[in-house]
Amino acid sequence: MTTWRKWGVLLLSMAVLGGCGGGADGNGSGEPQTSAENPGAVKVKVFKSHMGLGTIPGPGDAHVKYVAEKTGVEYELMTTPPGSEPAEYLNVMIASGELPDILRPIGGVEQTLIQQGGALPLDDLLPKYAPHVWNSIPEEAWNIVRSASEDGKIYYVPKVFLVPERAPLIRKDWIDKVGMKMPETVEDYVELLKAFRDKDPNGNGKQDELPTSGREFGRWMDHLFAIYGVAMWEGYPEWDIYDGKIQYAGVTENMREAIKFIQMLYKEKLLDNETFLNKGEVWQAKINNNLVGSWYHLPANVRDRYNAILTQAPDAYIEVMPIPKAEGFDGFVTQKSMGEPEWMIPAVAEQNAPNALKLLDFFYDPANEEFVRYGIEGQHYVVKDGEKVILPPADDRPLALGMKNFTTAEDMDKRIDETYPKEQRQMVKDMFIVSTADARRIAGDGLPAAVYDGFPDIQSHKLFQEYLTKIVIGELPIEAFDEYVAKWKASGGDQVTERVQAWYDKVKK
């Protein structure tokens with residue numbers, strides 16, 4: 001653990017156990033503050049990261065005022081500053097005593113709060129103050145949440161996503177331009193990538209195409225691991241059943257074969273050779289600028305990328321690629337449907353918890369669905385030809401708080417119909433049909449971060465990322481994978497595996 005992280009954990013312990021800072025007024029009392037801008041409303045501080053483009057709305061913002069009128073709660077949105085690492089920023093914020101009333105936990109901070117008594121149990125509060133949240137989330141999800149704490153209490157509201165959230169995306173128009181078809185085998189896929197590299201499918205007369213691409217640390221290229229049956233989530237190995245028992249996918253033979261395959265792609269320049277340098281915005285810009293043929297992302301969020309591509313390639317069309325078959329392996333798209341921490345309330349904010357939960361419940365109430373989807377006319381959407389059209393994100397436009405993360409197949413169909421132009425709706429719906437056929441919920445769905453307690457290096461996946469990078473770019477041979485597995489076990493891998501097995505047995509009872 002770095003010196004910074006050691007101090008961060010120490011300060012976090014002091015903040016949580018000492019009760020310093022936090023609550024609605026930031027002075028440790030946790031007593032709710034009333035709003036000057038919205039008479040009769042109580043202020044609730046909400047921390048949420050990964051907000052994207054836009055400005056933080058103030059108390060006079062139309063979205064904030066509408067929610068205040070309906071709930072009696074004025075939300076104050078807090079987020080990470082540009083360029084900061086969300087998990088580290090959240091830890092520093094909590095350690096400094098600036099605790100919000102409700103927060104979206106990142107990087108396992110929920111377990112630190114739970115274990116140190118800094119998280120508020122919600123079992124009795126949810127049915128009373130957030131009945132729409134309580135009744136909409138399946139009992140299976142609540143049971144997974146209960147398994148994350150020694151006392152079996154509910155300390156956070158889980159995310160529930162009952163359709164595949166991520167999928168391998170591919171430029172169908174590029175496939176057509178190189179005169180090929182959707183690949184069925186891994187060999188077909190390699191030949192297609194070679195055609196993307198050599199046959200100028202973007203039509204600009206330059207050999208600038210990137211057949212496939214990923215991001216630094218080998219993230220967001222899960223489609224390449226999926227071919228070999230590796231459970232991955234945004235570039236992090238997950239836990240699934242291998243050889244009849246639950247294991248960390250990062251140390252399996254499946255992973256070895258996947259890395260070997262990716263190493264070959266890199267050597268042949270079929271994988272973007274800047275993959276391990278690509279920041280998120282750089283990777284996204286390459287896709288938007290009509291340079292990438294195959295990538296991994298969220299079908300539901302493809303709209304802005306697709307519209308950017310259309311400005312350069314009017315005939316562009318994106319599909320989900322069925323997982324190509326590799327002999328001896330059962331490929332699949334990793335699906336995590338329930339149990340991930342979504343919202344929690346710090347213990348020091350207990351007095352304002354009813355208001356925080358009333359705010360959360362507003363977003364889960366079906367009566368508010370249309371407002372939650374679209375926001376304020378002229379600010380978040382416009383009306384064209386009698387239909388509401390959501391405006392693209394912009395630096396000068398206020399963000400609208402969203403708190404609901406519960407999605408069924410029906411919800412997704414409705415979301416597509418309401419947020420995509422008519423000519424794009426079937427394209428996106430077809431993506432979910434294909435990805436659903438290949439998706440599988442992994443055994444480790446909902447695994448609590450507590451299993452990593454005392455083993456931060458295992459939790460961070462840093463060892464995996466180091467060896468993955470060096471093997472793929474050719475600094476180390478594939479045989480170094482055995483060295484990596486030995487180091488992983490020596491650094492606590494076997495102990496963590498025992499904890500994961502105990503959790504899995506408990507959940508499956």
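As a basis for the values below, the full set of heavy atoms in this structure was taken, side chains included, without hydrogen atoms, waters or symmetry mates.
- For W503, the side-chain hydrogen bond (donor to acceptor under 3.5 Å, both in side chains) partners two or more places apart in sequence, or in a different chain, are S147.
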Evaluation steps, side-chain contact (heavy atoms from CB on, under 4.5 Å), between H223 and Y189 | CA-CA 11 Å; H223 57 302; Y189 183 52; 3.4 Å; yes
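- Atom NZ of K325 sits in a crowded spot, with more than 12 heavy atoms from other residues, nucleotides or ligands closer than 6.0 Å.
- If you check the side chains of S460 and D457, you find no donor sitting under 3.5 Å from an acceptor.
- Remark: the backbone N or O of E184 is paired with a side-chain donor or acceptor of D188 at under 3.5 angstrom.
- Atom CD of E466 and atom NZ of K462 lie 11.0 Å apart (nearest 0.5 Å).
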Please set out all donor-acceptor pairs under 3.5 angstrom arising from side-chain atoms of residues 330-339, sequence neighbours excluded.
{"residue": "T334", "atom": "OG1", "partner": "M232", "partner atom": "N", "Å": "3.0"}
{"residue": "T334", "atom": "OG1", "partner": "M232", "partner atom": "O", "Å": "3.2"}
{"residue": "Q335", "atom": "NE2", "partner": "S337", "partner atom": "OG", "Å": "2.9"}
{"residue": "K336", "atom": "NZ", "partner": "E238", "partner atom": "OE2", "Å": "3.1"}
{"residue": "S337", "atom": "OG", "partner": "F161", "partner atom": "O", "Å": "3.2"}

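- Around the CD atom of E234, the shell of radius 6.0 Å holds more than 12 heavy atoms that belong to other residues, nucleotides or ligands.
- Within 6.0 Å of atom CG in N135, more than 12 heavy atoms from other residues, nucleotides or ligands are found, so the atom counts as buried in its surroundings.
- A donor-acceptor pair under 3.5 Å links the side-chain atoms of R425 to the main chain of D417, judged by distance alone.
- Side-chain contact annotation: Q424 with N307, donor-acceptor N/O pair under 3.5 Å present.
- Judged by distance alone, the side chain of D222 and the main-chain N or O of G235 form a donor-acceptor pair under 3.5 Å.
- Distance CG/L277 to OG1/T469: 9.5 Å, rounded to 0.5 Å.
- Here S213 contributes atom OG and N278 contributes atom CG; the two are 4.5 Å apart, rounded to the nearest 0.5 Å.
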T212 and V292: side-chain contact (heavy atoms from CB on, under 4.5 Å), yes or no, with the steps?
-> CA-CA 6 Å; T212 192; V292 181; 5.5 Å; no
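- Atom CD1 of I287 sits about 11.5 Å away from atom CG of N290, to the nearest 0.5 Å.
- Take D438 and apply the side-chain hydrogen bond (donor to acceptor under 3.5 Å, both in side chains) test, not counting sequence neighbours, and it matches no residue.
- When side chains are defined from C-beta on, R303 counts as touching T419, because their heavy atoms get closer than 4.5 Å.
- Counting heavy atoms from C-beta outward, R146 and N143 have side chains that approach closer than 4.5 Å.
- Of the possible donor and acceptor atoms, one in the side chain of T79 sits under 3.5 Å from a partner among the backbone N and O of K48.
- Atom CD of E150 is surrounded by 12 or fewer heavy atoms from other residues, nucleotides or ligands within 6.0 Å.
- Sorted by first and then second residue, the ring pair (Phe, Tyr, Trp, His ring centres under 6.0 Å) pairs with a member in residues 295-314 read W220-H297, W283-H297; sequence neighbours excluded.
- With L224 as reference, L265 is the one residue of I259, L265, V472 to meet the side chain to side chain contact (heavy atoms under 4.5 Å, CB included) rule.
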Does the side-chain contact (heavy atoms from CB on, under 4.5 Å) test come out yes or no for M412 and K429, once each step is laid out?
-> CA-CA 9 Å; M412 184 56 68; K429 288 183 179 180; over 6 Å; no
For side-chain contact (heavy atoms from CB on, under 4.5 Å), just list the numbers for V92 and L90, CA-CA rounded to whole Å, side-chain angles, deciding distance to a tenth of an Å, and then say yes or no.
-> CA-CA 5 Å; V92 171; L90 179 57; over 6 Å; no
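- Between the N204 side chain and the K206 main chain, a donor and an acceptor come within less than 3.5 Å of each other.
- The environment of E327 atom CD is sparse: at most 12 non-hydrogen atoms of other residues, nucleotides or ligands sit within 6.0 angstrom.
- Residues D240 and Q247 fail the side-chain proximity criterion, which asks for heavy atoms closer than 4.5 Å.
- For residues 409-431, the set of pairs meeting the ring pair (Phe, Tyr, Trp, His ring centres under 6.0 Å) definition, not counting sequence neighbours, is empty.
- Under the 3.5 Å distance criterion, the side-chain polar atoms of Q263 are matched with a main-chain donor or acceptor of I471.
- One N or O on the side chain of N273 and one on the backbone of Y266 form a donor-acceptor pair closer than 3.5 Å.
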Does the side chain to side chain donor-acceptor pair (under 3.5 Å) test come out yes or no for Q111 and D453, once each step is laid out?
-> CA-CA 9 Å; Q111 283 300 326; D453 191 29; over 6 Å; no
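- Between E165 and K159 there is a salt bridge, since a side-chain N of the basic residue sits under 4.0 Å from a carboxylate O of the acidic one.
- Among residue pairs with one or both ends in residues 427-466, those qualifying as ring pair (Phe, Tyr, Trp, His ring centres under 6.0 Å) are Y236-H461, Y248-H461; sequence neighbours excluded.
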Validation: residues 192-199 side-chain donor-acceptor distances under 3.5 Å, sequence neighbours left out:
{"residue": "R197", "atom": "NH1", "partner": "E268", "partner atom": "O", "Å": "2.7"}
{"residue": "D198", "atom": "OD1", "partner": "Q207", "partner atom": "NE2", "Å": "3.3"}

Would you sort out whether E253 and R256 count as a salt bridge (charged side-chain N to carboxylate O under 4.0 Å, His left out), showing the intermediate values?
-> CA-CA 5 Å; E253 283 301 306; R256 172 197 279 270; 3.5 Å; yes
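- The closest donor-acceptor contact from the side chain of T252 to the backbone of A249 lies under 3.5 Å.
- Residues meeting the ring-ring contact (aromatic ring centres under 6.0 Å, His included) test with Y467, sequence neighbours left out: Y484.
- We find the NZ-CG distance between K286 and D208 to be 11.0 Å, quoted to the nearest 0.5 Å.
- Judged by a 6.0 Å distance limit and a 45° cone about the ring axis, K388 is positioned over the six-membered ring of Y374.
- Looking at residues two or more places apart in sequence or on another chain, you find a side-chain hydrogen bond (donor to acceptor under 3.5 Å, both in side chains) between D173 and R171.
- Residues L103 and P105 are in side-chain contact: their nearest non-hydrogen atoms beyond the backbone lie under 4.5 Å apart.
- Checking side-chain atoms of R219 against main-chain N and O of G214 turns up no donor-acceptor pair under 3.5 Å.
- Cation-pi geometry between K172 and Y317 is not satisfied (NZ or CZ under 6.0 Å from the ring centre, within 45° of the ring normal).
- Remark: K506 engages no residue in a side-chain hydrogen bond (donor to acceptor under 3.5 Å, both in side chains) (not counting sequence neighbours).
- Residues satisfying the ring-ring contact (aromatic ring centres under 6.0 Å, His included) test with W233, not counting sequence neighbours, are none.
- Within the model, atoms CD1 of I102 and CD of E342 stand 9.5 Å from one another, a figure rounded to the nearest 0.5 Å.
- N91 places a side-chain N or O within donor-acceptor distance of the main-chain N or O of A87, the cut-off being under 3.5 Å.
- For F261, the ring-ring contact (aromatic ring centres under 6.0 Å, His included) test picks out Y228, with sequence neighbours left out.
- Side chain to side chain, T408 and D411 meet the donor-acceptor criterion of an N or O pair below 3.5 Å.
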